[in-house]
> 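Starting off with a structure, shown below.
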Amino acid sequence: MNSRLASLQPYPFQRLTQLIHGISPPADKKPIRLSMGEPQHAAPALVLEALKSNLAGLSHYPVTKGSAELRQSIAGWATRRFHLNKIALDLERHILPVAGTREALFSIAQAVIGRRTDSQQPAVIMPNPFYQIYEGAVLLAGARPYFLNTTEANGLRMDFTAVPEEIWLKVPLVYVCSPGNPTGAVLTHDDLAKLIGLAQHYNFIIASDECYSEIYFDEAKPPLGLLQVANDLGIQDYKHCLVFHSLSKRSSLPGLRSGFVAGDGVVMQQYHQYRTYHGCALPPPTQAASQAAWSDEVHVRANREQYRAKFDAVLKILKPVLDVERPAAGFYLWPKLPQDDEIFTRGLYARENVLVLPGTYLSREFEGVNPGQNRARLALVAPVPECIEAAQRIRNYVESLK
Ligand SMILES: Cc1ncc(COP(=O)(O)O)c(C=O)c1O
């Protein structure tokens, strides 16, 4: 076996199952899960229709690159959404469909990180707390994670100025997650422009995980994206920049397994070759359904309206008892807790049959700080009445601690 497998941490949901093992929550309270970020809004009808009417495509092997029509709809969406008016997205060079961003965020590390001797082990920068795939991908690629703690002190954003020069010299890849999971923080134009400058100087690739970019509150202020900043700066061929987008959250289609990677033309050619061998082309009906989804914004606006309603209602209930803020974007709350995060999670489950994710299951201790400590992640994915019921039960639990 590959000895690097031993370095993988247990996945957060495995740890959560162990944490609540043996607890019998009150049977008269319906279970409510805020622990997993799985969107539960209805799948858009036009996507289901496209899926059904393209089943004949199952008789053909799909190509890794995806159909030109799908790449065209992706390019159209990204160009409109991020105002890519200076550096045109080239269908042949800049775009690849992927089977959800999870596999792409994993596989990009395998494609990008080269083999080195131990003394020069590459370091990959990532936020802390973070989406767990980044860490596993980096460890299996033979590199080590270098965390940037995202705490209140830095507005829950990565502070790239905190990275020492000796680390930058070993960095082939930087993961950023904006809007952040679990923080909901959005990197600013200045943050991303600085990061592009560093990538040019130290020659690394930026993997910008933007899968929550379409869940935001002010229709006039959608979150920025990395390609948008690269376009503004006139970065030819989107050198050093890759973005990862998904239909899972944008269109409430987590089971479709569909997203895309776009950016740096040279890296994308090599990544395409990697993917050809890896074998992860999207089934033709999935491609047709994805094309329909990227071409429609009506269902995405309706999706956002539902999240807005949940945040409005839930925050009203929780704010009097918990230190909790509306995030800049995304569908998570990341409150500070009056107790240790594991104790809080167990206590809440035992008393109220509501499940949340302890903050430390998404973070590591780095430089003496664990930014997930005494926080929990609450995913507002259930229908509005269920989220309201969950908030009321959380409030009851917090009040019972006083
Ligand atoms: C930050 C982040 N990135 C990527 C993903 C993967 O999403 P998908 O593979 O469904 O596109 C998730 C899923 O929860 C996530 O939270």
Side-chain angles (χ1 to χ4, degrees), residues 11-14 16 33-41 43 47 66 74 77-78 96-109 124 126-138 145 147-148 150 156-158 173-187 206-216 223 225-226 242-262 275 278 280 282 286-287 289-290 293-294 300 303 307 327-334 356-357 359 361-363 371-372 377-382:
Y11 212 65
F13 301 109
Q14 238 174 305
L16 183 61
R33 288 181 175 267
L34 304 183
S35 45
M36 201 181 269
E38 180 188 70
Q40 289 171 29
H41 300 165
V47 176
I74 290 171
W77 176 77
L96 281 175
V98 296
T101 47
R102 181 181 184 133
E103 66 88 352
L105 289 160
F106 178 84
S107 58
I108 196 66
V124 173
M126 62 185 71
N128 186 31
F130 56 97
Y131 180 50
Q132 302 292 292
I133 299 303
Y134 312 152
E135 183 191 57
V138 164
F147 295 112
L148 281 182
T150 58
L156 303 175
R157 305 197 322 275
M158 294 167 87
L173 178 69
V174 172
Y175 284 106
V176 299
C177 185
S178 177
N181 170 6
T183 60
V186 172
L187 293 175
I206 308 166
S208 182
D209 179 355
E210 302 180 358
C211 75
Y212 292 94
S213 69
E214 303 316 289
I215 315 292
Y216 54 90
L226 180 68
L242 295 179
V243 294
F244 295 70
H245 281 273
S246 174
L247 291 175
S248 301
K249 324 287 178 183
R250 172 189 182 267
S251 301
S252 296
L253 292 166
L256 187 67
R257 309 313 302 132
S258 180
F260 71 85
V261 181
R275 295 182 64 77
H278 191 69
C280 38
L282 292 193
T286 307
Q287 293 195 36
S290 306
W294 290 116
V300 189
N303 206 21
Y307 285 116
F331 53 52
Y332 299 110
L333 287 175
W334 182 236
V356 298
L357 194 64
Y361 290 12
L362 298 169
S363 60
R377 191 188 76 176
L378 280 50
L380 300 191
V381 286

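On a predicted model such as this, the values are computed, not experimentally measured, just so you know. For ligands, and for the atoms within them, numbers begin at 1 and follow the listed sequence.
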> Do you know which two heavy atoms are closest between Arg250 and Asn303, and how far apart they sit?
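Closest pair (atom of Arg250, atom of Asn303, distance): O-ND2, 3.0 Å.
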
> Judged by non-hydrogen atoms, does Gly259 sit under 4.0 Å from ligand 1?
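Judged by the 4.0 Å heavy-atom criterion, Gly259 does not count as contacting ligand 1.
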
> May I ask you to identify the nearest protein heavy atom to atom 10 (O) of ligand 1, giving residue, atom name and distance to one decimal place in Å?
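Among all protein heavy atoms, the one nearest atom 10 (O) of ligand 1 is Ser248 OG, 2.5 Å.
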
> Of Tyr134, Tyr131, Tyr332, Phe106, which has the heavy atom at the shortest distance from atom 12 (C) of ligand 1?
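Heavy atom nearest to atom 12 (C) of ligand 1 belongs to Tyr131.
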
> Which option, Leu247, Asn181, Thr101, owns the non-hydrogen atom nearest atom 8 (P) of ligand 1?
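Shortest heavy-atom distance from atom 8 (P) of ligand 1: Thr101.
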
> Quick one: look at Phe244 and ligand 1, take heavy-atom pairs under 4.0 Å, and tell me if it's side chain, backbone, both or neither.
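Under 4.0 Å from ligand 1, Phe244 contributes no heavy atoms.
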
> Record the part of Leu105 in heavy-atom contact with ligand 1 below 4.0 Å; permitted values are side chain, backbone, both and neither.
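Near ligand 1, Leu105 shows its side chain, while the N, CA, C and O stay back.
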
> Test side-chain hydrogen bond (donor to acceptor under 3.5 Å, both in side chains) on Ser363 and Asn128 and set out the steps.
CA-CA 5 Å; Ser363 60; Asn128 186 31; 4.7 Å; no

> Without swapping roles, check the side chain of Glu103 against the backbone of Thr101 for a donor-acceptor pair under 3.5 Å.
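Not confirmed, Glu103 side chain does not pair with Thr101 backbone.
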
> Suppose we measure from atom 14 (O) of ligand 1 to each protein heavy atom; which comes out shortest, and what is that distance?
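Among all protein heavy atoms, the one nearest atom 14 (O) of ligand 1 is Lys249 NZ, 2.7 Å.
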
> Should the ring pair Trp77 and Trp294 be called parallel, tilted or perpendicular, given that the plane angle runs from 0 to 90° and is split at 30 and 60?
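Rings of Trp77 and Trp294: tilted, 30 to 60°.
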
> If the contact criterion is a heavy-atom separation under 4.0 Å, does Cys211 count as touching ligand 1?
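The answer is yes, since Cys211 has a heavy atom less than 4.0 Å from ligand 1.
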
> Using a strict cut-off of 4.0 Å, indicate which atoms of ligand 1 neighbour a heavy atom of Tyr212.
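Those of ligand 1 that fall under 4.0 Å from Tyr212 are 1 (C), 2 (C), 14 (O), 15 (C), 16 (O).
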
> Taking all heavy atoms of Leu256 and all of Ser290, pick out the closest pair and write down the distance.
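Distance-wise, the nearest heavy atoms are CD2-OG, 3.8 Å.
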
> With heavy-atom distances below 4.0 Å as the criterion, list the atoms of ligand 1 near Gly100.
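Contacts of ligand 1 toward Gly100, numbered from 1: 9 (O), 11 (O).
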
> What residue and heavy atom of the protein are closest to atom 9 (O) of ligand 1, and at what distance?
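For atom 9 (O) of ligand 1, the nearest protein heavy atom comes out as Arg257 NH2, 2.7 Å.
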
> Taking heavy atoms and a distance under 4.0 Å, where does Asp209 meet ligand 1: side chain, backbone, both or neither?
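Side chain only.
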
> May I ask you to list the atoms of ligand 1 that are less than 4.0 angstrom from any heavy atom of Cys177?
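Every atom of ligand 1 under 4.0 Å from some heavy atom of Cys177: 1 (C).
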
> Do you know the tightest heavy-atom contact between Ala207 and Phe244?
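The pair with the smallest heavy-atom distance is CB-CE1, 3.6 Å.
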
> Relative to the ring of Tyr131, is the ring of Tyr134 parallel (under 30°), tilted (30 to 60°) or perpendicular (over 60°)?
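Taking Tyr131 first and then Tyr134, their aromatic rings stand perpendicular (interplane angle over 60°).
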
> Which heavy atom in Ser248 sits nearest to a heavy atom in Ser246, and how many Å separate them?
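Taking every non-hydrogen atom into account, N-OG, 2.9 Å.
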
> Donor-acceptor pair, Asp209 side chain versus Cys211 backbone, under 3.5 Å?
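Such a contact is found between Asp209 side chain and Cys211 backbone.
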
